[in-house]
Number of protein chains: 4
Amino acid sequence: MDTILKNLRVEINSNIYVKDPESSDLGKRIVESSILMIHEMGFETFTFRKLGKAIGSNESSIYRYFENKHKLLLYLTSWYWGWMEYQLVIQTLSLSQPKDKLRKAVQILTKEIVQDLDFDHIDEVLLSKIVVEEYSKSYLTKEVDQENKQGYFSIYQRLVTRLKDLIHTVNPHYKFPASLSSTIIEGALHQHFLKRHFPALTDCNATVSPTHYFMDLIDLIADSHE
Amino acid sequence: MDTILKNLRVEINSNIYVKDPESSDLGKRIVESSILMIHEMGFETFTFRKLGKAIGSNESSIYRYFENKHKLLLYLTSWYWGWMEYQLVIQTLSLSQPKDKLRKAVQILTKEIVQDLDFDHIDEVLLSKIVVEEYSKSYLTKEVDQENKQGYFSIYQRLVTRLKDLIHTVNPHYKFPASLSSTIIEGALHQHFLKRHFPALTDCNATVSPTHYFMDLIDLIADSHE
Amino acid sequence: MDTILKNLRVEINSNIYVKDPESSDLGKRIVESSILMIHEMGFETFTFRKLGKAIGSNESSIYRYFENKHKLLLYLTSWYWGWMEYQLVIQTLSLSQPKDKLRKAVQILTKEIVQDLDFDHIDEVLLSKIVVEEYSKSYLTKEVDQENKQGYFSIYQRLVTRLKDLIHTVNPHYKFPASLSSTIIEGALHQHFLKRHFPALTDCNATVSPTHYFMDLIDLIADSHE
Amino acid sequence: MDTILKNLRVEINSNIYVKDPESSDLGKRIVESSILMIHEMGFETFTFRKLGKAIGSNESSIYRYFENKHKLLLYLTSWYWGWMEYQLVIQTLSLSQPKDKLRKAVQILTKEIVQDLDFDHIDEVLLSKIVVEEYSKSYLTKEVDQENKQGYFSIYQRLVTRLKDLIHTVNPHYKFPASLSSTIIEGALHQHFLKRHFPALTDCNATVSPTHYFMDLIDLIADSHE
DNA sequence: GATGAATGAGCGTTCATTCAT
DNA sequence: AATGAATGAACGCTCATTCAT
C-alpha cells in the first residue's frame with residue numbers, strides 16, 4: 001500500500017469515546033495495550049486498573065478516553081470493522097464483474113488476518129482474534145437496542161449491507177441476501193473459533209480455511225435460480 | 001407427548017453441577033428462578049446473591065448446587081441442547097428418507113421455541129431466549145479448552161455431529177458438512193437475535209422465519225454436486 | 001431508671017437498615033464506633049472504609065447492615081430522636097398539669113445531654129453532639145421527599161407533633177404551635193452549636209443554657225392571648 | 001430602585017476567593033451557573049468538573065477563582081447575607097420608630113425572596129433556595145472555628161448582630177436578644193424548608209408565611225416585660 | 001443439607017488538584 | 001489569564017466465596 005494512504009484513519013462514531021484516542025500519545029498507548037491485554041487475558045479479566053498499570057498511567061487517565069471497558073471494546077471492534085470495510089472497498093473498486101467483487105469481498109471477510117503496516121499502534125492480527133472471541137459480547141447485552149440507536153454498531157451494519165448488496169447484485173432472485181451476508185460475516189468468526197477450539201465441529205483446519213467453505217457456499221447461491 | 005415420557009430427564013454432565021438440581025426442591029427452584037432472572041436482567045447483571053434473595057434462600061445454599069454462575073449457565077444451556085437433541089431424535093426416528101430426516105432436524109433447530117409441558121420447572125421459551133443471548137458467552141472464555149476437555153460442551157458437540165451426519169448422508173459429496181452444521185445451529189441463534197435487534201441485517205421477520213432461510217440453504221446443498 | 005426497663009429498645013423504621021444492628025455483636029460495634037468516628041472526624045470525612053478498619057472488620061461487612069453512610073446517619077439520628085421521645089413520654093406521664101408537661105418537655109429537648117446507662121453501646125453525649133452538627137445534613141438532600149415518604153423521619157415528626165400538641169393544649173389560642181415546636185427542637189440544636197462556635201450570636205453560655213432561653217419563650221406564649 | 005445604585009456591589013471577604021469573580025466575565029459565569037447547578041442538583045452532587053462543562057470552560061480555570069466548592073458556597077451565601085443586610089439597612093434607614101425598624105427587619109429576613117434586578121448575573125430567588133437548603137452545610141464542618149477566625153462568616157454575624165441590636169433597642173429588658181435574633185434568621189430558613197418538605201411540622205403554608213409567625217413572636221417579645 | 005454471617009479482594013468511578021503550555 | 005491533559009488517592013459498592021452452625 002503506497003504512502004499516499006499513510007495518513008488514513010478509520011472513522012469511529014465519536015459517541016463511543018470521550019476523547020479521541022488517536023488525538024494523543026496516551027490515547028494510542030491505551031488502544032495499543034488494550035489489544036495486547038484483552039487478547040492475553042480475555043475481556044472479562046481485563047480491567048482499566050490493569051491497563052493503567054501496564055501503560056504506567058493511572059486508571060483515571062483512561063476514563064478521559066473511554067467511559068468504561070465496554071465502550072473501549074466497542075471502539076476496538078468498530079475500528080476492526082471499519083478497517084475491514086476499507087479493505088473491502090479498496091480491493092473491490094477496480095473489479096468490474098459483480099461476481100468477482102463478491103468473491104473478493106467474501107475472501108477478505110473470511111480469511112486469516114495478516115499485519116497491516118499502515119497503522120502502527122494497532123496489531124491487526126491480535127485485534128482480529130479479539131473480534132473472534134469478544135465481538136459478540138459487545139452486542140449481546142441488555143443495552144443493545146439503545147446503543148444501536150446511538151449508532152454504535154453502524155460500521156458493522158454498513159459492512160453487512162455492502163455484502164448483502166453484492167449478493168443481491170450477483171443473484172437478484174436469491175431471497176435471503178441479508179441473512180446470508182450476516183451469516184457469512186458472523187459465521188466466519190465462528191468457524192475461526194471452532195478451528196481453534198472445537199476442530200470436530202468444523203471442516204476448516206490448517207489446509208482448508210473458512211474462506212474455502214464460504215466461497216463454496218457463495219458459488220452455490222450465485223448460481224442458484226428461483 | 002404421552003405420559004410414558006412424563007419422567008424423562010435431560011442428562012447433564014455431572015461435573016457441571018456440585019449437587020444435581022433435579023434432586024431437590026431447592027435445586028429446581030434455583031433452575032427455575034435463574035431462567036427467569038437471567039432472561040430478565042441478562043447474565044452479567046445476574047448474581048447468586050440476587051438469585052438467593054429471589055428464591056428466599058441464602059446465597060450460600062446455591063453453592064451447594066453450582067460452583068459459580070458460569071457453571072449454572074453451562075447447566076442451563078446444556079439442558080437446552082439436550083432437550084433439542086431429544087426432540088431431534090424422537091421426531092426423526094420414524095422418518096425413513098435421509099432428506100426428510102435432515103429437513104426435520106433443521107426445522108427443529110431453527111424454529112421459534114414453544115412451551116414444552118413435560119418439564120414443569122423449566123420455561124423453554126425463556127430458556128431459548130437465554131440461549132440466543134447468552135450461549136456464546138459460555139464458550140468464549142479463556143477456559144474453553146480445559147472445560148471442553150471436561151466434556152462440558154459434549155451435548156452441543158453431539159448435536160452438531162448428528163446434524164453433520166445427516167448432511168453427509170444426504171450429500172456425501174459435500175465437502176463442508178461439519179462447518180455447515182455448526183453454521184446452521186449457531187447461525188439460527190444469530191438470525192433470531194438479528195430479527196429482534198438488527199432487522200436490517202436479516203431477511204427473517206414476522207412472516208419469514210430462520211427456518212425458511214436455512215431450509216432453502218439445505219436444499220441447495222442437498223442437491224449440489226461436486 | 002429501674003431494671004424493668006433494661007431491655008427497652010428504641011424502635012427504628014426497618015427500611016433504614018438492611019439488617020438490624022441490634023441483632024448482632026458486629027452490628028452494635030458498627031453503631032458504637034460510628035458514633036465515635038463521626039464525632040471525631042465529621043460526617044463528610046467519615047467513610048465505611050475507615051469504620052471497617054476501626055472495628056477490625058472489612059467494610060463489606062458493614063454493607064450488610066447499612067446501605068450507605070447516609071442511611072447510617074439516619075439510623076443514628078432516628079435512634080436519638082426515639083430516645084428523646086421515650087424520655088419525654090416517661091417523664092411527662094406522671095405530670096397532671098399541661099403547663100408542667102410542656103415545661104418538662106422543653107427542658108428535655110433543650111438541655112445538655114448526659115449519659116444514659118440503659119444503652120451500653122451508645123454514647124448519648126457524643127451522639128447528641130453529632131445530632132447538633134450533622135442532623136440537618138440528613139434531610140437537606142435532594143432525596144428528602146422520597147425518604148420522607150418512606151417514613152425515615154417519622155420519629156422526628158412524631159416528636160415535633162407531641163410538642164406541638166402540648167403547646168396547643170396549654171394555649172389553644174396560639175396560632176403557630178407547629179412552627180414553634182419545630183423552632184424549639186431545631187433551634188435548640190442551633191443554640192448549642194452557636195454556644196460552641198459563635199458565642200456572639202447567642203445569649204447561651206456556661207451559666208445560661210438554651211433551656212433558659214426556650215423556657216422563657218414558652219412562658220411568654222403560654223400566657224399570651226389572642 | 002433607581003439607577004444610581006446600578007453599580008452597587010456586595011462586598012465579600014477577599015479570602016473567600018482567589019480572584020474576585022466580579023472582576024471578569026468568566027468569574028460572573030462561574031457564579032451565575034453555580035447557582036443554577038447547585039439549585040438543580042444539590043451541593044453534594046455539584047462538582048467543579050460539571051460546572052466547567054456547563055460554562056464551556058476547563059475545570060482548572062475555576063480554580064483561579066475559588067479554591068474549592070466549599071469556598072464557592074461560602075461566597076454565594078456571603079453574597080446572599082450581604083445582599084440581605086444591604087436591603088435591611090436601606091429599608092430601615094428612613095424609619096424613625098425602633099419597633100417599625102425591627103418589624104421591617106424581620107419582614108425582610110423572613111419573607112419569600114423575589115428577583116432583584118440590580119444584579120443581573122445572580123438569580124436571587126434560586127440563591128435564596130440554595131441558602132435554605134445548603135447554608136448550614138457551610139458552617140457545620142470541622143473547620144468552622146478556623147474559618148470563622150478568617151472572617152468567612154462575618155457578614156452573617158453582622159446581620160445577626162444588627163437584628164439583635166434592634167431587638168434590644170425595642171425591649172432592653174429582654175434577656176435573650178442574640179438568641180432570638182439567631183433563632184429568627186436561622187428559623188426562617190428552617191420554616192421555609194418545612195413548608196416545602198414537612199408541611200405537618202409548620203403552620204406556614206400558602207396563606208400563612210414565616211413572616212406572620214415571626215412577626216407575632218417579635219410582638220410578644222417587644223411587649224413583654226421582666 | 002441448608003443456612004446465616006462475615007469477609008477479602010477488587011472493580012468502576014470520581015474528585016479535587018497540579019503542571020505545562 | 002485561561003486552558004488542556006493527566007494524575008493520585010480514595011470512595012462506594014458488589015461479588016464470589018468460606019466458615020461455623
Side-chain angles (χ1 to χ4, degrees), chain A residues 18-19 23-27 30 44-52 55-72, chain B residues 18-19 23-27 30 44-52 55-72, chain C residues 18-19 23-27 29-30 44-52 55-71, chain D residues 18-19 23-27 30 44-52 55-72:
Chain A
V18 180
K19 175 181 156 80
S23 71
S24 79
D25 182 57
L26 177 62
I30 288 172
E44 280 71 31
T45 318
F46 167 79
T47 69
F48 275 7
R49 190 153 298 181
K50 290 172 187 164
L51 175 57
I55 62 176
S57 193
N58 190 280
E59 65 193 307
S60 62
S61 307
I62 301 165
Y63 282 88
R64 291 269 163 178
Y65 291 86
F66 296 102
E67 255 177 77
N68 49 51
K69 70 174 182 170
H70 171 66
K71 286 282 179 75
L72 171 53
Chain B
V18 180
K19 174 181 155 85
S23 70
S24 79
D25 183 56
L26 178 61
I30 288 172
E44 279 73 30
T45 318
F46 166 81
T47 68
F48 276 7
R49 167 99 59 113
K50 290 171 187 165
L51 176 57
I55 63 176
S57 190
N58 190 280
E59 61 197 307
S60 59
S61 309
I62 302 165
Y63 284 88
R64 288 263 159 192
Y65 293 86
F66 296 103
E67 252 176 82
N68 50 50
K69 70 174 181 170
H70 172 66
K71 287 283 180 74
L72 171 53
Chain C
V18 180
K19 175 181 155 82
S23 70
S24 78
D25 183 57
L26 178 62
R29 268 158 52 223
I30 288 172
E44 280 71 31
T45 319
F46 167 80
T47 69
F48 275 7
R49 191 155 299 181
K50 290 172 188 165
L51 175 56
I55 62 176
S57 193
N58 191 279
E59 65 192 304
S60 61
S61 308
I62 301 165
Y63 281 90
R64 291 268 163 180
Y65 292 85
F66 296 102
E67 255 176 77
N68 49 51
K69 69 172 181 170
H70 171 66
K71 287 282 180 76
Chain D
V18 181
K19 176 181 154 86
S23 70
S24 79
D25 183 57
L26 178 61
I30 287 173
E44 278 72 31
T45 320
F46 166 81
T47 67
F48 277 7
R49 168 98 57 114
K50 290 172 187 163
L51 176 57
I55 62 176
S57 191
N58 190 281
E59 61 196 307
S60 58
S61 309
I62 301 165
Y63 283 88
R64 288 263 156 192
Y65 292 87
F66 297 102
E67 253 177 79
N68 50 51
K69 69 174 181 169
H70 172 65
K71 287 285 179 75
L72 172 52

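Proteins come first, then strands; the chains are lettered A, B, ... in the order of their sequence lines, and each starts at number 1.
- Contact annotation: side chain of B/R64 to base of E/dA2, donor-acceptor pair present below 3.5 Å.
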Assess whether side-chain contact (heavy atoms from CB on, under 4.5 Å) is satisfied between B/L72 and B/I62, documenting all intermediate values.
CA-CA 10 Å; B/L72 171 53; B/I62 302 165; 5.6 Å; no

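- With F/dA5, E/dA16, E/dC15 as the choices, the nucleotide that has an atom nearest any side-chain atom of D/K50 turns out to be E/dC15.
- Nucleotide F/dA1: unpaired (no Watson-Crick or G-U wobble partner with both distances less than 3.5 Å).
- Of all nucleotides listed (E/dA9, E/dC15, E/dC19), E/dC19 comes nearest to the side chain of D/S60.
- Heavy atoms of A/E67 sit under 4.0 angstrom from primed sugar atoms or phosphate atoms, though from no base atom.
- In this structure, B/Y63 reaches the bases: a heavy-atom distance under 4.0 Å links it to at least one base atom across the strands shown.
- A salt bridge (charged side-chain N to carboxylate O under 4.0 Å, His left out) with C/E59 is found for one member of C/R64, C/R49, C/K69 and no other, namely C/R49.
- Applying the 3.5 Å distance criterion, the base of F/dG8 shares a donor-acceptor pair with the side chain of A/N58.
- For F/dA1, the OP1/OP2 oxygens have no side-chain nitrogen or oxygen of D/Y65 closer than 4.0 Å.
- Pair check for E/dA9 finds F/dT14; Watson-Crick or G-U wobble, both atom distances under 3.5 Å.
- Here the P atom of nucleotide E/dT13 and the CG atom of C/N68 are 19 Å apart, to the nearest Å.
- Residue B/S61 is classed as a base contact, given a heavy-atom separation below 4.0 Å to a base.
- Contact detail for C/I55 and C/R29: the closest heavy-atom pair is O-NH2, 2.9 Å.
- The nearest whole Å value for the distance from the CD1 atom in C/I30 to the P atom in E/dA5 is 12 Å.
- Counting any heavy atom pair closer than 4.0 Å across all strands shown, C/F46 reaches no nucleic acid atom.
- Put simply, D/K19 has no side-chain N or O that comes within less than 4.0 Å of OP1 or OP2 on F/dA1.
- Rounded to an integer number of Å, the gap from D/K71 NZ to E/dT17 P is 10 Å.
- Note on B/F66: nothing from the nucleic acid sits closer than 4.0 angstrom, heavy atoms only.
- With both pairing distances under 3.5 Å, F/dA9 is matched to E/dT14 as a Watson-Crick or G-U wobble pair.
- For D/E59, counting side-chain heavy atoms from C-beta on, the closest listed nucleotide (F/dA6, F/dC15, F/dT7) is F/dA6.
- Taking atom CD1 on D/I55 and atom C1' on F/dA2, their separation rounds to 11 Å, with Å as the unit.
- Atoms NZ (B/K69) and P (F/dC15) sit 8 Å apart, rounded to a whole Å.
- With hydrogens and angles ignored, a donor-acceptor pair under 3.5 angstrom links the side chain of A/R49 to the base of E/dG12.
- For the atom pair A/S57 OG and A/L26 CG, the distance stands at 4.5 Å (nearest 0.5 Å).
- Whole-Å rounding puts the D/F48 CZ to E/dA16 P distance at 8 Å.
- To the nearest 0.5 Å, atoms CD1 (C/I30) and CG (C/L51) are separated by 6.5 Å.
- Here the P atom of nucleotide F/dT17 and the NE2 atom of B/H70 are 11 Å apart, to the nearest Å.
- The backbone N or O of B/K71 sits less than 3.5 Å from a side-chain atom of B/N68, completing a donor-acceptor pair.
- Contacts of D/T47 with the nucleic acid, taken as non-hydrogen atoms under 4.0 Å apart, involve only primed sugar atoms and P, OP1 or OP2.
- A donor-acceptor distance shorter than 3.5 angstrom exists from the side chain of D/K50 to the backbone of D/T45, with no hydrogens or angles considered.
- Between A/L26 and D/I62, the residue whose closest nucleotide on DNA chain F is further toward the 5' end is D/I62.
- Straight-line distance from the CG atom of A/L51 to the P atom of E/dT13: 14 Å, rounded to whole Å.
- Between B/S57 and E/dT3 there is a side-chain N or O to OP1 or OP2 distance below 4.0 Å.
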